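All remarks here apply to the structure that follows.
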There are 2 protein chains.
Amino acid sequence: MKITAKGEYGVRAMAMLARDYRAGPIPLREIAVREGISYQFLEQIFLPLRRAGLIASVRGAKGGYTLAHPPEKIRVGDIVRALEGPIAPVDCVAEGKNNSCRRKNICPTRGIWEKLRDTMSEVLDEITLADVATMAQKTSEEGS
Amino acid sequence: MKITAKGEYGVRAMAMLARDYRAGPIPLREIAVREGISYQFLEQIFLPLRRAGLIASVRGAKGGYTLAHPPEKIRVGDIVRALEGPIAPVDCVAEGKNNSCRRKNICPTRGIWEKLRDTMSEVLDEITLADVATMAQKTSEEGS
DNA sequence: GAAAACCCGACTAAACATATCGGGATTATT
DNA sequence: AATAATCCCGATATGTTTAGTCGGGTTTTC
């Protein structure tokens with residue numbers, strides 16, 4: 001019932017891009033150092049994020065990555081889906097895979113997983129990167 | 001973001017025990033056959049369920065398993081926790097592991113996972129085995 | 001005492017997660 | 001034009017987890 005390191009790192013990295021939005025592209029190496037994540041592993045994470053249209057890249061010297069949209073337009077659910085695939089507690093109720101399970105009509109537990117899937121999606125789609133930035137703000141104030 | 005086969009099979013098997021509650025102990029072999037699950041794998045699943053006090057076993061010939069409590073007293077969340085451990089999308093916010101993460105106060109993403117964890121717990125704890133039996137009833141009526 | 005059933009640790013093959021490696025392509029700066 | 005910074009990306013390696021098997025034990029009924 002866990003997301004992978006890719007998902008976790010991806011959300012953290014995107015949160016950083018959100019914080020520094022409009023500051024020009026940030027090189028991946030810097031993100032890796034600041035978050036304490038392997039540079040080469042982060043590369044693997046940013047590839048699908050770019051292909052999903054969540055980030056934009058600038059190649060060459062002085063290049064790096066920026067959010068492809070303002071933070072309030074990017075939902076945590078988008079990031080998780082790009083890195084982990086469709087949200088689903090069990091395969092047979094995966095988002096976008098409707099009606100494929102042949103036991104659909106006789107499976108007594110299907111309803112559980114559908115409800116769980118929908119709730120998980122809702123939570124992750126309700127939270128945008130702008131919200132994450134705000135939450136971080138609040139947390140560090142409390143923390144001091 | 002998926003539960004394992006143990007969790008899925010466990011919930012299915014418990015749903016069957018709920019349906020046949022008060023019919024005397026059901027042998028594991030029968031459950032395995034009826035659900036199409038390997039008998040030896042099911043054994044591995046029923047051990048933690050018993051240790052968690054969710055099922056009662058009767059040894060010897062004519063033995064088998066029954067729910068340890070009425071279906072309406074057993075929550076799907078109990079089953080999942082017994083088989084998968086604490087509910088948590090990431091380790092650092094695992095149920096029962098409060099305050100252990102040292103980045104707790106500076107982590108901008110912690111709030112996401114806490115909210116997701118709480119919502120997942122709520123959903124799974126809201127559904128009892130009695131509800132699952134009812135849902136199955138409804139589903140098969142629609143299906144025909 | 002034989003058969004039915006639970007009990008339970010140890011093992012294994014395959015899949016998955018978490019990286020690392022090696023090099024190529026693009027662009028800013030000098 | 002050369003250099004350095006940076007993204008691009010397939011292949012490989014390593015470790016862990018999952019899903020399932022094996023082999024034997026214990027308890028109880030008939």
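First the proteins, then the strands, lettered A, B, ... as listed; each starts at 1. Here the structure is a predicted model, which means the values were calculated and not measured.
- Counting any heavy atom pair closer than 4.0 Å across all strands shown, B/Tyr9 reaches sugar-phosphate atoms only and no base atom.
- At least one donor-acceptor pair under 3.5 Å links the side chain of B/Glu84 to the backbone N or O of B/Thr4.
- Atom CZ in A/Arg29 sits roughly 14 Å away from atom P in D/dC8 (whole-Å rounding).
- Taking 4.0 angstrom as the limit, A/Ser57 places none of its side-chain polar atoms (N or O) nearer than this to OP1 or OP2 of D/dT6.
- One can place CZ of A/Phe41 at 18 Å from P of D/dA13, the figure rounded to the nearest angstrom.
- At C/dC7, none of the side-chain N or O atoms of B/Arg51 fall inside 4.0 Å of OP1 or OP2 (strictly under the cut-off).
- Whole-Å rounding puts the B/Gln40 CD to C/dC8 P distance at 16 Å.
- We find that OH of A/Tyr39 is positioned 15 Å from C1' of C/dA19, with the value rounded to whole Å.
- Between the side chain of A/Glu43 and the base of D/dC8, a donor-acceptor pair under 3.5 Å is found.
- Side-chain atoms of A/Arg75 do not come within 3.5 Å of backbone N or O of A/Leu124 as any donor-acceptor pair.
- Between A/Gly60 and B/Tyr65, the residue anchored closer to the 5' end of DNA chain C is B/Tyr65, taking for each the nucleotide with the nearest heavy atom.
- Taking atom CD1 of A/Ile55 as the reference point, atom C1' of D/dT6 lies 14 Å away to the nearest angstrom.
- Among the atoms of the strands shown, none is found under 4.0 Å from any heavy atom of A/Phe46.
- Between B/Leu129 and B/Ala18 the shortest heavy-atom distance is CB-CB, 3.9 Å.
- Contact detail for B/Ala5 and B/Phe41: the closest heavy-atom pair is CB-CE2, 4.3 Å.
- Applying the 3.5 Å distance criterion, the base of C/dT20 shares a donor-acceptor pair with the side chain of A/Gln44.
- Each of D/dA19, D/dA5, D/dT21 was ranked by its minimum atom distance to the side chain of B/Ser38; first place goes to D/dT21.
- Computed from coordinates, the B/Ile37 CD1 to D/dT21 P distance equals 12 Å when rounded to whole Å.
- Between the C1' atom of D/dT29 and the CZ atom of B/Arg59 lies a distance of 14 Å, rounded to the nearest Å.
- To the nearest angstrom, P of D/dA19 lies 13 Å from CG of B/Leu42.
- Proximity note for B/Leu47 (side chain, C-beta onward) versus D/dC30, C/dC8, C/dT20: the nearest is C/dC8.
- Using a 3.5 Å distance cut-off with no hydrogens or angles, the side chains of B/Ser121 and B/Asp118 do not pair a donor with an acceptor.
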